[in-house]
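Contents: one structure, followed by commentary.
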Amino acid sequence: MARITASVYTSHVPAIGAAIDHGKTHEPYWQPVFAGYEFSKQWLREHMPDVVFLVYNDHATAFSLELIPTFAIGTAAHFPIADEGWGPRPVPEVIGHPELASHIAQSVIQDDFDLTIVNKMAVDHGLTVPLSLMCGQPAAWPFKVIPFAVNVVQYPVPSGRRCFALGQAIRRAVESFDEDLDVQIWGTGGMSHQLQGPRAGLINREWDNRFLDRLIDDPAGLAEVPHVEYVREAGSEGIELVMWLIARGAMADVAGGPRPRVAHRFYHVPASNTAVGHLILENAT
């Protein structure tokens, strides 16, 4: 059967993509950010999955205020790179896994989660920046990707509790797929940042690192944190961190399995106007 072997968590700051695309990764400002992912690139080469289920948020590219799905799963065979106003990033097209994506949709919807099924969707920096951070600049992405877009832009947004439970349903779906596949689940977005208003530029190192501690050691308790705490402590865009709880909910220990191994943890301030967090957790084999 298919199995989830690891979860990866990372910020998806758009300026990181621009730094990669314009050859700025070794500049003094950016070098500390990219140094935090050198281990991760090597780790991924040694733990290459067949499929990555990538949780991210769309930035008014595939969706707009005209249509706002809470959870949307991409079931297409390929996903073009979006133009977000600066032109599409010069990265490979994303190749999907329609069979597994459709199976997950079937399983999760029957598990009482309402998903929007998307058969045609462009993907933006929310999805491509994590791929670049983990894979570098390959001619083609080395695995298939199932995009999973979460609305964390327009309120109401899903609760951490709902996201954590959804991750558990995704794990059950993957494990019921009758093909031998190595699957990783990635949660992206955050960490603390606010892009507008009187608190623009807010970054909360202490809260971010406490979030990482609890994501590792107390995910069920972390899932109970209300929206108002994310906004108050991590800024208006800090709510993106609920997406990390989807990935964490899919890990084996949540279903009574062994505690995951922390393969890597990294935190840096700032990248553009955002705190960058990164974590890799491995399921025991």
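Numbers here are sequence positions counted from 1.
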When rounded to the nearest 0.5 angstrom, what distance separates [atom1] in [X] from [atom2] in [Y]?
X: H264; Y: L281; atom1: NE2; atom2: CG; answer: 12.0 Å
X: T5; Y: Q184; atom1: OG1; atom2: CD; answer: 5.0 Å
X: E93; Y: T128; atom1: CD; atom2: OG1; answer: 13.0 Å
X: D253; Y: R259; atom1: CG; atom2: CZ; answer: 8.0 Å
X: R171; Y: I4; atom1: CZ; atom2: CD1; answer: 7.5 Å
X: L241; Y: L215; atom1: CG; atom2: CG; answer: 9.0 Å

Is a salt bridge present between R3 and E175, judged by a nitrogen-to-oxygen distance below 4.0 Å?
->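 A salt bridge is absent here (no side-chain N lies under 4.0 Å from a carboxylate O).
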Salt-bridge present (D83, R89; N to O < 4.0 Å) =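 Between R89 and D83 there is no salt bridge, as every charged N stays at least 4.0 Å from the carboxylate O atoms.
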[X] versus [Y]: any side-chain heavy-atom pair under 4.5 Å?
X: W244; Y: M191; answer: yes
X: R172; Y: D111; answer: yes
X: V91; Y: L131; answer: no
X: P260; Y: R248; answer: yes
X: V225; Y: R214; answer: yes
X: F211; Y: E233; answer: no
X: F63; Y: T61; answer: no
X: V8; Y: L279; answer: no

Are [X] and [Y] linked by a side-chain donor-acceptor pair shorter than 3.5 Å?
X: Y267; Y: D208; value: yes
X: D50; Y: H97; value: no
X: N119; Y: T75; value: yes
X: N273; Y: H193; value: no
X: T70; Y: N151; value: no
X: Q42; Y: R45; value: yes
X: Q196; Y: S236; value: yes

Could you check whether atom [atom1] of [X] has more than 12 heavy atoms from other residues, nucleotides or ligands sitting under 6.0 Å from it?
X: R210; atom1: CZ; result: yes
X: K41; atom1: NZ; result: yes
X: E46; atom1: CD; result: yes

Any donor and acceptor pair, going by atom type alone, linking the side chain of [X] with main-chain N or O of [Y] inside 3.5 Å?
X: D124; Y: A82; value: no
X: H103; Y: E99; value: no
X: E240; Y: G190; value: yes
X: H26; Y: K24; value: no
X: S102; Y: P98; value: yes
X: S176; Y: A173; value: yes
X: S40; Y: M134; value: no

Can you get from [X] to [Y] by hopping between Ile, Leu, Val, Met, Phe, Trp and Tyr side chains that sit under 4.5 Å apart?
X: V52; Y: W141; value: yes
X: Y56; Y: I185; value: no
X: V94; Y: I104; value: no
X: L166; Y: I146; value: yes
X: V150; Y: V174; value: yes

Non-hydrogen atoms of [X] and [Y] that approach each other most closely:
X: P130; Y: H125; value: CD-O, 3.7 Å
X: S272; Y: Y29; value: N-OH, 2.9 Å
X: K144; Y: G96; value: CD-O, 3.4 Å
X: M243; Y: T188; value: CE-O, 3.0 Å
X: A101; Y: I73; value: O-CD1, 3.6 Å
X: P147; Y: M121; value: CB-CE, 3.8 Å

Apply the test side-chain contact (heavy atoms from CB on, under 4.5 Å) to residues Q31 and T25: give CA-CA distance (whole Å), side-chain angles for both, the deciding distance (0.1 Å), then the verdict.
-> CA-CA 6 Å; Q31 195 279 331; T25 59; over 6 Å; no
side-chain contact (heavy atoms from CB on, under 4.5 Å) between R205 and V269, worked out | CA-CA 8 Å; R205 296 170 184 255; V269 171; 3.7 Å; yes
Ring centroid separation for F113 and F71, is it under 6.0 angstrom?
->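 For F113 and F71, the ring centres are not under 6.0 Å apart.
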Hey, would you say the W207 and Y230 ring centroids sit under 6.0 Å apart?
->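 Ring centres of Y230 and W207 closer than 6.0 Å.
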Test N209 against R265 for side-chain contact (heavy atoms from CB on, under 4.5 Å), laying out the working first.
-> CA-CA 10 Å; N209 279 286; R265 177 172 173 169; 3.6 Å; yes
Quick one: sort the W30 and F34 rings into parallel, tilted or perpendicular, breaks at 30° and 60°.
->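 The rings of W30 and F34 sit tilted, inter-plane angle from 30° to 60°.
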Just say parallel, tilted or perpendicular for the rings of H278 and F266, cut-offs at 30° and 60°.
->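 Rings of H278 and F266: perpendicular, over 60°.
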Trace of the side-chain contact (heavy atoms from CB on, under 4.5 Å) decision for I203 with T274 | CA-CA 7 Å; I203 288 177; T274 306; 5.8 Å; no
